[in-house]
Asker: 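Below is a structure I'd like to ask you about.
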Amino acid sequence: APLRKHLSTVLTLIASPQPAVRRTGEYCFAQVLQALYDGAISSPSLQELVRSQYASLVSTDDGKHHLSYLAIAARVFFHLRVKQNWALLGNFLNNCMKQLILAKENRVECLLSMFDLIMDSVVVVDVPLQPVTTRNDASYMHLLHDSARICTLLLRELDVEVLQYLFTRLHPTSRSDMREAVLVLIMHKCDLKKDAERIGFGFFRSLLASRSPCIALHASGFLMTQLKAEKPGEYRALLRRLLKQAQSTEDLSTLSNAYLQVHALLT
């Protein structure tokens, strides 16, 4: 009964129109969820109560509730991260993101919060150059500039369909750098055959027509790597054909450009 009453009070705080009050509610709910994952709530009925009340934040179409849901998730995730239980962390992230996917979340603010949580979770910036004050300082920008590394143990646990959902929902022009960062993670995920099969060859092939040169180049590089690994005979035949073409036209650019190689293969 005390926990039920406490959660009711906390949800009232989260529903407040005042940002400071909402943040207090988010902090309090995160404390309860942390206690749940730390094993401090032993009663199965109370555990289910906490989970259902947390999920209730996504059951409405209120964007502020969805943002609170993500703010709580971020607090809990970074609390749990010290345990380095990658299966637990991956399961927690997947469950949180899939709740939002089931709700068909498409609001820009919420998509950006989902993006930030994933990037801050799996991208490790060893030596930040300065405090994060703009998106240019964010972890995903370090990833794109090769000044960060990926936590592969956690990325392995993250569902590739979560990444694909984000990639398809982020705006292709105004969020092109973010889409590129998500695509980099998708390609790392697709090093595992099961993830590559779930995403499919067609996904990467469709990106060759992207208006973003970076997206198209990433996709073509991935496709060439896959071709080289899975169909080495076809890959060698393609290179021989391109070599003859380059010699006849005196244009060697196709030999070093993955995009042109893939284009030649698919046309």
Asker: Under 4.0 Å between a Lys/Arg side-chain N and an Asp/Glu carboxylate O for Glu26 and Arg75?
Answerer: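 No, Glu26 and Arg75 are not salt-bridged.
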
Asker: Among residues at least two apart in sequence or on other chains, which ones pass side chain to side chain donor-acceptor pair (under 3.5 Å) with Ser42?
Answerer: none

Asker: Could you tell me how the ring of Phe29 sits relative to the ring of Tyr54: parallel (under 30°), tilted (30 to 60°) or perpendicular (over 60°)?
Answerer: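 Tilted, since the angle between the ring planes falls between 30° and 60°.
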
Asker: Can we say Arg156 and Asp195 salt-bridge, meaning some charged N sits less than 4.0 Å from an Asp/Glu carboxylate O?
Answerer: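 Answer for the salt bridge query: no.
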
Asker: So, are Asp38 and Lys83 salt-bridged, with charged N and O less than 4.0 Å apart?
Answerer: yes

Asker: Take atom CD of Glu109 as the centre, draw a 6.0 Å sphere, and report whether it contains more than 12 heavy atoms from other residues, nucleotides or ligands.
Answerer: no

Asker: Could you please spell out the steps behind the salt bridge (charged side-chain N to carboxylate O under 4.0 Å, His left out) verdict for Asp61 and Lys104?
Answerer: CA-CA 10 Å; Asp61 195 41; Lys104 299 180 180 178; over 6 Å; no

Asker: Take a 6.0 Å sphere around CZ of Phe78 and say whether it holds more than 12 heavy atoms from other residues, nucleotides or ligands.
Answerer: yes

Asker: To the nearest 0.5 Å, how far apart are NE2 in His188 and CG in Leu185?
Answerer: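 Taking NE2 in His188 and CG in Leu185, the distance rounds to 7.0 Å.
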
Asker: May I ask you to decide if Thr12's main-chain N or O and Ser16's side chain share a donor-acceptor pair within less than 3.5 Å?
Answerer: no

Asker: Between atom CG of Asn91 and atom CD of Glu157, what is the distance when rounded to the nearest 0.5 Å?
Answerer: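 Nearest 0.5 Å value for the CG-CD distance: 9.0 Å.
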
Asker: If you measure from the Lys or Arg side-chain nitrogens to the Asp or Glu carboxylate oxygens, is any gap between Asp120 and Arg81 under 4.0 Å?
Answerer: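 Looking at Arg81 together with Asp120, the answer is no, because their closest N to O distance does not fall below 4.0 Å.
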
